[in-house]
**Student:** 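Quick one: structure below, then a few questions.
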There are 2 protein chains.
Amino acid sequence: MKHKGHTNPPGRQKTIEALTQLMRTRDFHSVTTAEIAQRAGVTEGLIYKYFNSKKDLLYQVLDDLFARFNETVLERIAGTSSAIQQLDIIIASSIEYYAANRVFARILLLEVRNSQDYFASEAYERVKTYARRIQDIIDTGIANGEIKSDIDPQIFRNVILGAIEHACLGEIIFSRKLDAQVVTQCISTILFNGAKA
Amino acid sequence: MKHKGHTNPPGRQKTIEALTQLMRTRDFHSVTTAEIAQRAGVTEGLIYKYFNSKKDLLYQVLDDLFARFNETVLERIAGTSSAIQQLDIIIASSIEYYAANRVFARILLLEVRNSQDYFASEAYERVKTYARRIQDIIDTGIANGEIKSDIDPQIFRNVILGAIEHACLGEIIFSRKLDAQVVTQCISTILFNGAKA
DNA sequence: AAGATGAGTGAGTAATACTTACTCATCTTA
DNA sequence: TAAGATGAGTAAGTATTACTCACTCATCTT
């Protein structure tokens with residue numbers, strides 16, 4: 001019988017934990033279901049009681065990790081009312097979070113986007129909600145005159161997210177140290193004040 | 001016997017063409033080697049004479065496509081000497097090229113980065129050379145006073161590339177129409193003049 | 001006591017990336 | 001011109017791996 005999702009038995013939790021651990025040093029494709037099961041201390045069959053596929057497991061891992069990320073960011077912007085200050089906090093928080101949680105960053109930026117089923121997953125719904133929230137901040141900023149009115153809010157949101165991602169990408173891929181403060185400062189300057197002298 | 005790479009027989013070319021065709025509607029993982037062989041009109045065995053693995057085939061497809069992209073961009077910046085104008089052309093060319101060649105965009109942005117061996121491939125070497133060239137332009141721009149001197153050239157390069165990528169990502173993933181001119185204009189404004197009012 | 005529900009098992013199977021031993025044709029060179 | 005090397009292409013494998021299915025065992029419900 002298939003699992004319905006309204007409980008969280010140890011086998012499910014251990015499986016999620018196992019994949020997360022294995023992906024600290026390996027990419028998703030190279031990790032086998034047999035390894036996941038062994039590391040989790042369960043049988044392969046059980047994995048498929050809780051997850052529809054190996055990919056579905058990955059998406060649920062991301063869902064967990066993104067939920068925590070989202071919470072962290074929301075807490076940090078709660079105090080401020082200025083749109084630009086809020087965006088600044090989002091940039092800083094994202095980079096710090098990527099630097100501290102490499103598995104999260106790799107899954108989100110490198111491992112899921114190649115497959116269409118990701119975009120039908122709950123994890124992606126969460127990401128979309130997060131992105132919408134950023135756009136709301138931009139809308140507010142334009143409305144109250146903080147941000148130029150001729151800028152398209154959706155494109156600006158994508159530029160912010162893309163800038164953050166790509167600025168960390170090399171460090172994430174090659175497991176290099178990432179100086180969050182320097183990168184944050186530089187991105188903020190470019191995006192808000194422009195690079196032109 | 002293994003192929004050495006100094007010839008380009010029909011079987012090799014047809015294989016590359018077949019994967020390119022198949023990826024117009026499908027993601028890499030869902031395309032099987034059997035399908036590639038069938039579409040190319042060769043046997044599976046032959047594929048492994050010319051390519052070390054299915055992934056290696058993908059990287060060589062990307063190498064071909066990126067070579068053409070690179071040429072297009074270089075031709076278009078050849079006439080101008082201003083750094084900012086050159087960067088502007090790079091932004092516009094990239095977006096136009098992604099819009100017109102979706103398979104190229106999907107491979108480069110979504111399909112290769114999840115695997116470490118990509119970063120040892122010739123395709124990645126090409127991408128690196130291209131990225132270095134962009135950084136050279138930024139260096140020049142800082143040297144002649146066009147670009148703010150307190151901006152880190154490498155981070156600025158990543159911000160430009162990330163902004164371009166993410167601004168097109170939704171359209172690439174969901175095969176939506178992409179208005180290159182509007183997106184280009186908006187990105188340029190943000191990156192060079194800043195979003196702050 | 002009977003039955004339902006849900007966690008967990010373990011032995012499968014089908015698919016698929018990759019291998020290997022081979023043929024056939026063309027070119028080289030002694 | 002015979003001998004041999006080289007390279008394109010084949011066909012029938014194999015090993016791996018994601019996924020399935022029929023089952024047990026324990027706990028809860030009525």
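Just so it is clear: chains get the letters A, B, ... in the order the sequence lines come, proteins before strands, and each one is counted from 1. Any value given below was found using the heavy atoms of this structure, including those in side chains, with hydrogens, waters and symmetry copies removed.
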**Student:** Could you tell me whether A:R68 and A:E71 have a side-chain N and a carboxylate O separated by less than 4.0 Å?
**Tutor:** no
**Student:** Using atom OH of B:Y50 as one end and atom C1' of D:dG7 as the other, report the distance to the nearest whole Å.
**Tutor:** 7 Å
**Student:** Does atom CZ of A:R24 have more than 12 heavy-atom neighbours from other groups under 6.0 Å away?
**Tutor:** no
**Student:** For A:Y97, what residues pass the ring pair (Phe, Tyr, Trp, His ring centres under 6.0 Å) criterion, not counting sequence neighbours?
**Tutor:** A:F69, A:F104
**Student:** Identify all stems in which DNA chain D takes part, counting only runs of at least 3 consecutive pairs (Watson-Crick or G-U wobble, each distance under 3.5 Å), and give each as one range with another, ordered by first number.
**Tutor:** C:1-30 with D:1-30
**Student:** Which whole-number value in Å describes the distance from B:Q13 CD to D:dG9 P?
**Tutor:** 12 Å
**Student:** Compute both the distance and the angle, then confirm whether B:K54 meets the cation-pi test with B:F28: under 6.0 Å from the six-membered ring centre, within 45 degrees of the axis.
**Tutor:** yes
**Student:** Looking just at side-chain N and O atoms, do B:Q60 and B:D56 make a donor-acceptor pair shorter than 3.5 Å?
**Tutor:** yes
**Student:** Please determine whether a side-chain nitrogen of the Lys or Arg among B:E165 and A:R113 lies less than 4.0 Å from a carboxylate oxygen of the Asp or Glu.
**Tutor:** no
**Student:** Ignoring hydrogens and geometry, is there a side-chain-to-backbone donor-acceptor pair from A:E44 to A:A37 under 3.5 Å?
**Tutor:** no
**Student:** Looking only at the side chains, is there a donor atom on one of A:E17 and A:Q21 sitting less than 3.5 Å from an acceptor on the other?
**Tutor:** yes
**Student:** For the pair made of CD1 in B:I47 and P in D:dA11, what is the distance, rounded to whole Å?
**Tutor:** 14 Å
**Student:** Identify the pairs formed between an N or O of the protein and an N or O of nucleotides 15-18 of chain C at a distance under 3.5 Å, and give each distance.
**Tutor:**
unit_1 : atom_1 : unit_2 : atom_2 : d
C:dA17 : OP2    : B:T33  : N      : 2.5
C:dA17 : OP2    : B:T33  : OG1    : 2.6
C:dC18 : OP2    : B:Y48  : OH     : 2.9
C:dC18 : OP2    : B:K54  : N      : 2.8
C:dC18 : N4     : B:E44  : OE1    : 3.4

**Student:** Whole-Å distance between C:dC22 P and B:K49 NZ?
**Tutor:** 13 Å
**Student:** What is the separation between atom CG on A:L19 and atom C1' on D:dA18, rounded to the nearest whole Å?
**Tutor:** 14 Å
**Student:** Could you tell me the separation between the CG atom of A:D56 and the P atom of D:dA18, rounded to a whole number of Å?
**Tutor:** 15 Å
**Student:** Taking atom C1' of D:dA18 as reference, at what distance in whole Å does atom CD of A:Q38 sit?
**Tutor:** 17 Å
